[in-house]
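Okay, structure first, notes after.
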Amino acid sequence: TAAVEAPARAPRAARVPGLWRERLRILNASLPPLAERSRDTRRTDILVNSISGAVTIGLGFVFSSRDDGSPHPAQVLLWSQGGLLLAQGLAALAFPPARERLSDEFSAMPQNTVRLRHARVRFGEEALDRMAADGARRRVINAVVGIAAALIPVGVIYSDQIFNGRPWPEPPELNVIAVSISGIAVVQALVPLFTRSAEERLRDEYRSRVRMLREGAEEPD
């Protein structure tokens, strides 16, 4: 009798990496470099704001006070702007963003056993949420500071007109330019309120990638 041929086996599906391993891989690739990049940017911002603030305050001493001893409007303007720049530099130095501390904590966590790898993934995902919340808070703070920085010069330049009823400077076109520049700066300061921070984008991108991996992924490590 003729030999009965064995039915052909269906091709084996390609192995999909475990979801825990993929989550850990993405977090390992995203979080450790984040802290160093953030520190580099923050150091630059601190240096630029500190130097700019000191120079701006120094320029204020070029102007002489008024006859009655009160500061010249240009002095008030330069000193207020310089003080704001210095305050921004000191705030960046004293209050580092959460992404630096949390990324360092994540990098220090061991991952040589399954239990430790799972703990590292859970901490990393929680850290992403905390970073995103911190980024959202900083967006609001930066917007408020930006609006203040845009409005303070106008208030200083036109303080006599606003509070003492003095005539507006001539020609009128200069007033239109000054107010327009301030208005544009206010609009620019408001833009971050309607956009996501880098931390929020990182969290959302991670969640999107994990959702794509869930179908067909193997849950065991």
Side-chain angles (χ1 to χ4, degrees), residues 34-101 103-104 131 133-201:
L34 187 62
E36 193 56 39
R37 290 199 304 268
S38 176
R39 287 193 186 93
D40 290 341
T41 301
R42 191 161 59 91
R43 291 189 193 106
T44 302
D45 290 342
I46 292 171
L47 181 62
V48 171
N49 285 335
S50 299
I51 294 175
S52 300
V55 171
T56 303
I57 290 174
L59 289 175
F61 291 97
V62 174
F63 296 88
S64 301
S65 301
R66 288 175 169 175
D67 295 337
D68 59 1
S70 61
H72 191 279
Q75 288 181 310
V76 178
L77 173 61
L78 291 169
W79 290 342
S80 60
Q81 290 294 92
L84 182 60
L85 289 169
L86 286 178
Q88 288 177 322
L90 290 175
L93 179 64
F95 303 104
R99 60 179 177 262
E100 294 181 12
R101 175 177 54 83
S103 295
D104 287 341
M131 290 177 194
D134 181 67
R137 286 192 297 270
R138 288 174 181 271
R139 282 196 295 113
V140 175
I141 293 172
N142 290 337
V144 172
V145 172
I147 292 172
L151 295 180
I152 285 175
V154 175
V156 171
I157 293 172
Y158 297 107
S159 59
D160 283 340
Q161 287 74 28
I162 296 172
F163 299 108
N164 301 322
R166 293 188 179 181
W168 291 83
E170 296 291 340
E173 290 79 8
L174 293 179
N175 303 323
V176 173
I177 293 173
V179 174
S180 299
I181 292 174
S182 178
I184 293 172
V186 169
V187 172
Q188 290 176 333
L190 288 172
V191 169
L193 292 178
F194 304 99
T195 59
R196 294 178 302 163
S197 65
E199 295 92 339
E200 291 172 290
R201 291 195 299 271

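All residue numbers refer to positions in the sequence shown, counting from 1. These figures come from a predicted structure and were not determined experimentally.
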* Closest heavy-atom contact between L34 and M131? -> CD2-SD, 3.8 Å
* Asked: Do you know the tightest heavy-atom contact between R196 and R139?
  -> C-CD, 4.0 Å
* Asked: Looking at D134 and P97, what are the two nearest heavy atoms and their distance?
  -> OD2-CA, 3.7 Å
* Asked: Do any N or O atoms from the side chain of S182 and from the backbone of A150 form a donor-acceptor pair under 3.5 angstrom?
  -> yes
* Look up atom CG in L86 and atom CD1 in I51, then write down how far apart they are to the nearest 0.5 Å. => 11.0 Å
* Salt-bridge contact R42-D45 (side-chain N to carboxylate O under 4.0 Å) -> no
* Are any non-hydrogen side-chain atoms of I152 and S80 less than 4.5 angstrom apart? -> yes
* **N-O pairing of D40 and R43 below 4.0 Å** => yes
* **Validation row: R138, S197 side chains within 4.5 angstrom (heavy atoms)** => no
* Please report the shortest heavy-atom distance between A189 and I147, naming the atom on each side. => CB-N, 3.6 Å
* What distance do Q81 atom CD and L59 atom CG have between them, rounded to the nearest 0.5 Å? -> 12.0 Å
* To the nearest 0.5 Å, tell me how far I46 CD1 sits from Q88 CD. => 12.0 Å
* **Listed once per pair and sorted, the salt bridge (charged side-chain N to carboxylate O under 4.0 Å, His left out) pairs that draw on residues 87-99, sequence neighbours left out** => R99-E199
* To do: Check whether any side-chain heavy atom of L78 lies under 4.5 Å from a side-chain heavy atom of V62, and answer yes or no.
  => no
